[in-house]
Amino acid sequence: MAVYVGVDLGATNIRAVVADSSATILGSATAETPRGPTGIAVTEAILDAIRAACGQAGVTPGTVTACGIGSIGPLDLAAGAVENPANLPDRIDRIPLTGPISKLLATEDVYLHNDTIAGVIGERFHSERNPDDMVYLTISSGIGAGVCVDGHVISGWDGNAGEVGHMTLDPHGFMTCGCGHDGHWEAYCSGNNIPRYAERLHAEDPIDTELAFDDPEFSAASIFDLAGDDEFADHVIDQLGHWNAMGVANIIHAYAPLVINVGGAVALNNPNLVLDPIRDRLDEMVMTNIPEVNLTELGDDVVVKGAVASALTGGTGDRSKL
Ligand SMILES: [Zn+2]
């Protein structure tokens with residue numbers, strides 16, 4: 001029986017799964033992503049998770065046919081590694097991936113993608129229509145997209161295509177992004193930045209609100225929880241809808257997708273409050289065909305399922321390549 005490995009390397013957790021040729025998961029393992037001493041510790045933890053998943057599936061790593069990896073970035077695709085990951089401590093400079101995994105699994109067929117690109121491969125593979133033109137958008141602690149156009153999953157020479165969260169939406173640069181630049185989509189609408197954005201909006205226009213900006217527990221969820229009950233919270237949610245719709249309209253104009261599937265914690269936890277304002281505005285903002293905008297059906301598994309789908313289809317998500 002041919003078996004395939006999928007790996008999801010996140011800033012918090014590592015997941016490895018073993019699947020059969022129909023993408024049914026036979027074994028899985030998770031671990032916390034090590035915070036050091038160096039990137040090699042992260043590589044070792046991934047190899048251990050793959051061994052554990054193989055053990056649960058009753059297969060030896062050397063018999064695996066192919067492996068897909070969905071990883072935090074930025075990537076150095078030529079080296080098959082993560083370089084200076086933004087969301088891990090500075091002492092983790094480089095995480096070698098394809099070389100050591102290829103050696104463990106005794107296969108050259110190891111496909112490395114950033115996590116949103118793995119996401120679109122998974123969405124494409126698991127979508128009934130297996131569309132050639134689709135986008136997976138994540139609105140989470142950050143914002144990013146995986147894009148498939150004319151059947152080609154776009155990665156860019158270095159593997160970092162689809163960093164749409166760093167598109168400039170606001171030329172006035174009201175908010176500064178974590179990357180240091182002003183006016184980026186992510187600076188307004190990512191889970192990490194929504195609380196900061198709300199606080200700045202309130203400083204401009206201090207209307208009555210139940211929101212407690214100085215509460216250490218204050219988060220994006222605090223704002224969404226007050227939807228419909230607090231005028232200021234509704235104002236923030238409306239502004240988020242404005243920026244999200246503008247970002248999605250830019251994606252549509254650039255790539256002409258048939259369907260956009262949206263995931264990430266902000267969208268998954270508040271599907272209507274996040275997606276309806278986008279759908280409502282696209283008619284006015286888009287001059288080409290308007291795609292379906294759906295919540296992902298793969299939930300938190302989208303990256304690891306995309307990694308498996310990549311292993312099964314030579315890095316494409318195209319079911320005709322099974
Ligand atoms: Zn940015």
Side-chain angles (χ1 to χ4, degrees), residues 9-12 33 70-77 81-90 92-95 113-120 135-147 154-204 218-220 223 236-255 257 260 262-268 270 274 277-278 281 285 302-303:
L9 169 57
T12 315
T33 306
S71 173
I72 51 171
L75 300 180
D76 178 344
L77 266 197
V82 180
E83 282 297 337
N84 301 311
N87 299 319
L88 286 172
D90 283 347
I92 296 188
D93 50 352
R94 181 183 180 79
I95 306 170
H113 316 277
N114 82 21
D115 41 18
T116 52
I117 293 174
V120 77
V135 170
Y136 169 69
L137 171 68
T138 179
I139 306 178
S140 185
S141 50
I143 292 178
V147 177
I154 296 177
S155 79
W157 71 274
D158 57 357
N160 297 313
E163 287 282 6
V164 297
H166 302 280
M167 286 196 294
T168 303
L169 297 186
D170 175 13
H172 303 295
F174 182 69
M175 295 295 293
T176 301
C177 188
C179 74
H181 296 285
D182 295 335
H184 289 181
W185 183 0
E186 185 171 303
Y188 300 72
C189 299
S190 74
N192 287 351
N193 288 322
I194 289 169
R196 282 196 321 127
Y197 178 44
E199 193 172 356
R200 284 230 31 214
L201 282 176
H202 195 257
E204 298 269 308
F218 177 61
S219 68
I223 299 161
V236 175
I237 291 165
D238 185 65
Q239 288 298 299
L240 296 175
H242 167 77
W243 298 120
N244 281 333
M246 192 182 285
V248 169
N250 287 346
I251 290 172
I252 294 167
H253 288 136
Y255 301 115
I260 299 178
V262 186
V266 175
L268 288 167
N270 316 282
V274 172
I278 297 174
R281 284 168 164 91
M285 297 175 122
V302 58
V303 174

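Whatever order the structure lists them in is the order used to number ligands and atoms, beginning at 1.
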Got a second to check how far His184's NE2 is from Ser190's OG, nearest 0.5 Å?
-> 12.5 Å
Test side chain to side chain contact (heavy atoms under 4.5 Å, CB included) on Trp185 and Val248 and set out the steps.
-> CA-CA 10 Å; Trp185 183 0; Val248 169; 4.2 Å; yes
Reported CE-to-CE distance for the pair Met246 and Met167, which is rounded to 0.5 angstrom = 10.0 Å
Confirm or rule out an N/O/S atom of His181, from backbone or side chain, lying less than 2.8 Å from the Zn ion (ligand 1).
-> no
Whether Tyr188 and Trp243 hold their rings parallel, tilted or perpendicular, with breakpoints at 30° and 60° = tilted
Check His184 and report its N/O/S atom nearest to the Zn ion (ligand 1), by atom name.
-> ND1
Can you name the N/O/S atom of His166 that is nearest the Zn ion (ligand 1)?
-> ND1
